Amino acid sequence: MSTAALAALCYAAAFTAGWAVAIPQAVLIADNRPIRHGRWLAAYVAVACALNWMAMPTVVLGLLLLPGMAGVFSTTFRFALNDLRGLPWNYLGPDPANGPAPGRSRYDLLMWRTASLLHCRPATVAITVELTTAIAVYILTATWST
């Protein structure tokens with residue numbers, strides 16, 4: 001199987017994982033309990049590493065694919081979580097200027113700060129970073145010759 005097809009399967013797994021992880025997180029939020037950012041991140045890294053180790057023909061390709069899968073996962077997770085909560089697709093938490101928000105991830109805070117500098121929406125920054133990374137990594141892995 002080509003590296004492009006293997007990478008597409010890994011991306012499909014990251015997409016599925018994004019939805020699967022969003023469901024229990026939405027339940028936690030509905031119960032006024034904090035999101036477990038560390039848990040879903042650790043679970044993603046463990047599963048992605050194992051999947052890439054099994055799927056990709058070389059360790060280098062498996063490691064290269066991780067940031068692309070993270071981009072797919074993060075975008076999917078955010079979209080799914082917002083959908084499950086009935087929020088706009090581009091919601092990225094409350095504005096930090098309004099005070100601290102319990103459970104806010106450092107990543108989301110970075111997106112807010114970057115968006116403030118660029119004078120755009122934080123979701124625009126996050127989606128651009130995540131999907132540009134995913135596309136660039138996919139092109140690299142698809143054109144990689146082993």
Side-chain angles (χ1 to χ4, degrees), residues 1-56 59-142:
M1 188 176 285
S2 72
T3 55
L6 292 171
L9 287 173
C10 289
Y11 275 22
F15 178 86
T16 303
W19 270 97
V21 171
I23 294 167
Q25 299 300 338
V27 170
L28 286 173
I29 292 170
D31 291 342
N32 290 319
R33 294 174 26 213
I35 290 182
R36 307 273 192 240
H37 293 290
R39 284 188 184 172
W40 68 254
L41 180 61
Y44 163 75
V45 169
V47 171
C49 286
L51 177 64
N52 290 357
W53 177 71
M54 292 184 297
M56 299 309 286
V59 172
V60 172
L61 277 172
L63 292 173
L64 175 64
L65 198 58
L66 287 175
M69 289 176 66
V72 171
F73 175 88
S74 186
T75 301
T76 304
F77 173 76
R78 184 178 312 101
F79 175 81
L81 185 61
N82 289 342
D83 184 57
L84 292 165
R85 295 175 63 207
L87 295 169
W89 66 269
N90 60 352
Y91 178 74
L92 194 69
D95 188 338
N98 296 332
R104 181 193 311 278
S105 73
R106 289 184 182 125
Y107 177 79
D108 287 354
L109 190 56
L110 175 63
M111 296 301 110
W112 271 96
R113 288 180 178 160
T114 305
S116 176
L117 292 172
L118 298 174
H119 304 289
C120 64
R121 292 176 174 252
T124 302
V125 175
I127 291 168
T128 301
V129 167
E130 294 159 2
L131 294 184
T132 300
T133 301
I135 291 166
V137 167
Y138 183 81
I139 291 169
L140 284 173
T141 56

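Remember, it's a predicted structure, so these values are computed and weren't measured experimentally. All residue numbers refer to positions in the sequence shown, counting from 1.
Under the 4.5 Å side-chain criterion, counting only non-hydrogen atoms from C-beta, P122 is not in contact with D108. The shortest distance between side-chain heavy atoms of N82 and W89 does not fall below 4.5 Å. I29 places a side-chain heavy atom less than 4.5 Å from the side chain of L81.
Evaluation of the side chain to side chain donor-acceptor pair (under 3.5 Å) test over residues 113-131, restricted to residues two or more places apart or in two chains, returns S74-E130, T75-E130, R78-E130, Y107-E130. Within the structure, every pair that satisfies the salt bridge (charged side-chain N to carboxylate O under 4.0 Å, His left out) test and touches residues 12-34, not counting sequence neighbours, is listed here: D31-R33. A salt bridge (charged side-chain N to carboxylate O under 4.0 Å, His left out) check over residues 5-23, counting only residues at least two apart or in different chains, returns nothing. A salt bridge (charged side-chain N to carboxylate O under 4.0 Å, His left out) check over residues 18-28, counting only residues at least two apart or in different chains, returns nothing.
Residues G93 and W112 approach most closely at O-CZ2, 3.2 Å, considering heavy atoms. Across all non-hydrogen atoms, the minimal contact from L64 to P67 is O-CD, 3.0 Å. Of all heavy-atom pairs between L6 and A55, the closest is CD1-O, 3.2 Å. M56 and C10 make their closest contact through SD-SG, 4.5 Å (heavy atoms, listed as atom of the first residue, atom of the second, distance).
Qualifying side-chain contact (heavy atoms from CB on, under 4.5 Å) partners for S2, counting only residues two or more places apart in sequence or in other chains: A4, A5. The ring pair (Phe, Tyr, Trp, His ring centres under 6.0 Å) test applied to Y138 returns Y11, not counting sequence neighbours. Taking P94 as the reference, Y91, A101, R104 meet the side-chain contact (heavy atoms from CB on, under 4.5 Å) condition, with sequence neighbours excluded. Applying the side-chain contact (heavy atoms from CB on, under 4.5 Å) criterion to A136, with sequence neighbours excluded, gives no partner residue. Contacts of A80 classified as side-chain contact (heavy atoms from CB on, under 4.5 Å), with partners at least two apart in sequence or in another chain: W19, A22. Judged as a salt bridge (charged side-chain N to carboxylate O under 4.0 Å, His left out), and not counting sequence neighbours, R85 has no contacts.
Between the CG atom of L109 and the CG atom of L92 there is a distance of 10.0 Å, given to the nearest 0.5 Å. Considering OG1 of T3 and CG of L140, their distance stands at 10.5 Å, rounded to 0.5 Å.
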